[in-house]
Novice: 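Handing you a structure now.
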2 protein chains.
Amino acid sequence: MPKTTTTYHHGDLRNALIQAGLSILQTDGEATLTLRKVAREAGVSHAAPYRHFADKTALLSAIAQQGFDLLTAQLQAAATDFSDTPQRILLETGLNYIQFARQYPDHFRLMFGGVLRAAGPDAPLRAAAEQTFAQVVNAVATSQACGIVKAGDTHQLATTAWSMAHGLADLAVEGMLGQPTNSTADVEQIARFSLQQLLVGLLGR
Amino acid sequence: MPKTTTTYHHGDLRNALIQAGLSILQTDGEATLTLRKVAREAGVSHAAPYRHFADKTALLSAIAQQGFDLLTAQLQAAATDFSDTPQRILLETGLNYIQFARQYPDHFRLMFGGVLRAAGPDAPLRAAAEQTFAQVVNAVATSQACGIVKAGDTHQLATTAWSMAHGLADLAVEGMLGQPTNSTADVEQIARFSLQQLLVGLLGR
DNA sequence: ACCTGAACACCGTTCAAGT
DNA sequence: ACCTGAACACCGTTCAAGT
């Protein structure tokens, strides 16, 4: 009997609502993600969600948080995959970050659009975002250990690396990268090139 | 008699609506930016905007486009200011980009959030965004000419520089930079550091 | 040609009432 | 404790009608 399953008439409505919202997000985008539709999809009345979320923003926050958790796991998995070639870990982390954004563009946009900005400094959503960032910090630390990134403030260097990957990811999602085709190959190419340029700078001279 | 002034009962409603929308955006944010409110602020009925915009998205696009025009002008002005110290032009362009994002966070978010993604390849909004990008291309070309950026595909190098600045700007707007204070000084510091790291890479060896 | 007012379908949120 | 149904104020969009 796991304590996380808050049983109700159909099981765990809170999670059912998050899943329903996620499904709508991936199929129809954020514009059509309405609280009433989420309730409909979960098979409850439109007022039921208010037993589990204070308002619509709270549900969106929970969905965004789930996105950060997923991204964190994905970056962690990539780090494990390349644990025997640590020189490549930072590059691969960046490429993975961009791949996530392109795979779940609406989820990515939700994570970094407004909800995060509105979240206070100690909101659980911020903590989830910082966990994602921690993966970048780890990748930088590993890179420093194996000498492809110079010594120095790891946190600061990680912020730089994160900004590069995030900028590429966001521009890719907006369709401003690899113009005019914007194909996967184009985006991969410019992403690799950009990350490598930065890595030269981070190596120092 | 300028031909741009399409007179109507009160003057140029199209522009009045854009201005009203802009005002709401800067004071209350995108969440409260409603078509009816814009009409109210412009002093017309809620159906009047449909004589000038196909739907709400079209108005938001026009506002976003105005944002790109403003940003382009700002970057151009910065380039002029530093025309006698061309080695600094790329750094200053990046800092200016970030400053714009922090000064008009909701406008910045609107420009890169959804509206652009929905815009087709030959929408006027995309052209405006590309004009902004052209400023970065110019800065890179200048930097190549004065030898602080290596020779090579200018467009590609500019995309790299744009991604760095854009990532910093977006994370700053979301409050993920210069934690925990997120003060102007913090953001400026990490932005300068990050851009400089990239510049070392772009110089080559 | 440009604007208004009523109308429609929808939304977020609240609340008394049900089990 | 958790959910429903009606209700309220609001929104985007359409359309006949006004000037």
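Every chain is numbered from 1 and lettered A, B, ... according to where its sequence line falls, protein lines coming before strand lines.
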Novice: Would you mind listing every side chain to side chain donor-acceptor pair (under 3.5 Å) that reaches into residues 59-72 of chain A, with sequence neighbours excluded?
Specialist: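 Residue pairs with at least one partner in residues 59-72 of chain A: A:T72-A:T132.
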Novice: What is the separation between atom CG on B:L17 and atom P on C:dC2, rounded to the nearest whole Å?
Specialist: 13 Å
Novice: Here's a test of your reading of the structure: between A:A47 and B:T57, which maps to the more 5' nucleotide of DNA chain D?
Specialist: A:A47
Novice: Sequence neighbours left out, what pairs pass ring pair (Phe, Tyr, Trp, His ring centres under 6.0 Å) with at least one residue falling in residues 112-139 of chain B?
Specialist: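 Counting only pairs at least two positions apart or across chains, the ring pair (Phe, Tyr, Trp, His ring centres under 6.0 Å) contacts touching residues 112-139 of chain B are B:F68-B:F112, B:F108-B:F112, B:F112-B:H166, B:F133-B:H155, B:F133-B:W162.
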Novice: Dot-bracket, DNA chain C: Watson-Crick or G-U, under 3.5 angstrom, [ ] crossing, | other strand?
Specialist: ||.|||||...|||||.||
Novice: Using whole Å, report how far CZ of B:R51 lies from P of D:dC15.
Specialist: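 Distance check: B:R51 CZ to D:dC15 P gives 11 Å.
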Novice: Under the rule for side chain to side chain contact (heavy atoms under 4.5 Å, CB included), what residues qualify as partners of A:D81, not counting sequence neighbours?
Specialist: none
Novice: Can you tell me the distance, in whole Å, between the NE2 atom of B:H52 and the P atom of D:dG12?
Specialist: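 One finds 17 Å between P of D:dG12 and NE2 of B:H52, rounded.
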Novice: Please list, for nucleotides 7-11 of chain D, all pairs of protein and nucleotide N/O atoms separated by less than 3.5 Å.
Specialist:
residue, atom, partner, partner atom, Å
D:dC11, OP2, B:R40, NH2, 3.1
D:dC11, O3', B:T34, OG1, 2.8

Novice: Among residues at least two apart in sequence or on other chains, which ones pass side chain to side chain contact (heavy atoms under 4.5 Å, CB included) with A:Q156?
Specialist: A:D153, B:Q189, B:I190, B:F193
Novice: Please identify each residue that fulfils salt bridge (charged side-chain N to carboxylate O under 4.0 Å, His left out) with A:R102, with sequence neighbours left out.
Specialist: none
Novice: A:L59 has an atom CG; how far is it from atom P of C:dT13, in whole Å?
Specialist: 10 Å
Novice: Expressed in angstrom and rounded to an integer, what is the separation of B:R14 atom CZ from C:dC2 atom P?
Specialist: 13 Å
Novice: One thing to verify: whether B:R117 and A:D170 come together as a salt bridge, which I'm taking to mean a side-chain N less than 4.0 angstrom from a carboxylate O.
Specialist: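 Salt bridge between A:D170 and B:R117, a charged N being under 4.0 Å from a carboxylate O: no.
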Novice: Among all residues two or more places apart in sequence or in another chain, which pass the salt bridge (charged side-chain N to carboxylate O under 4.0 Å, His left out) test with A:R40?
Specialist: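 In terms of salt bridge (charged side-chain N to carboxylate O under 4.0 Å, His left out), with neighbours along the sequence ignored, A:R40 is linked to no residue.
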Novice: Does a side chain donor of either B:Q144 or B:T154 reach within less than 3.5 Å of an acceptor in the other side chain?
Specialist: yes
Novice: Tell me: CG of A:D55 to P of C:dC15, nearest whole Å?
Specialist: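 The distance from CG of A:D55 to P of C:dC15 comes to 14 Å, rounded to the nearest Å.
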Novice: Pairs of donor and acceptor atoms involving the side chains of residues 16-28 of chain B, under 3.5 Å and at least two apart or interchain, shall be tabulated with distances.
Specialist:
residue, atom, partner, partner atom, Å
B:S23, OG, B:E41, OE2, 3.3
B:T27, OG1, B:S23, O, 2.9
B:T27, OG1, B:I24, O, 3.3

Novice: What's the CG-P distance between A:L13 and D:dA1, to the nearest Å?
Specialist: 17 Å
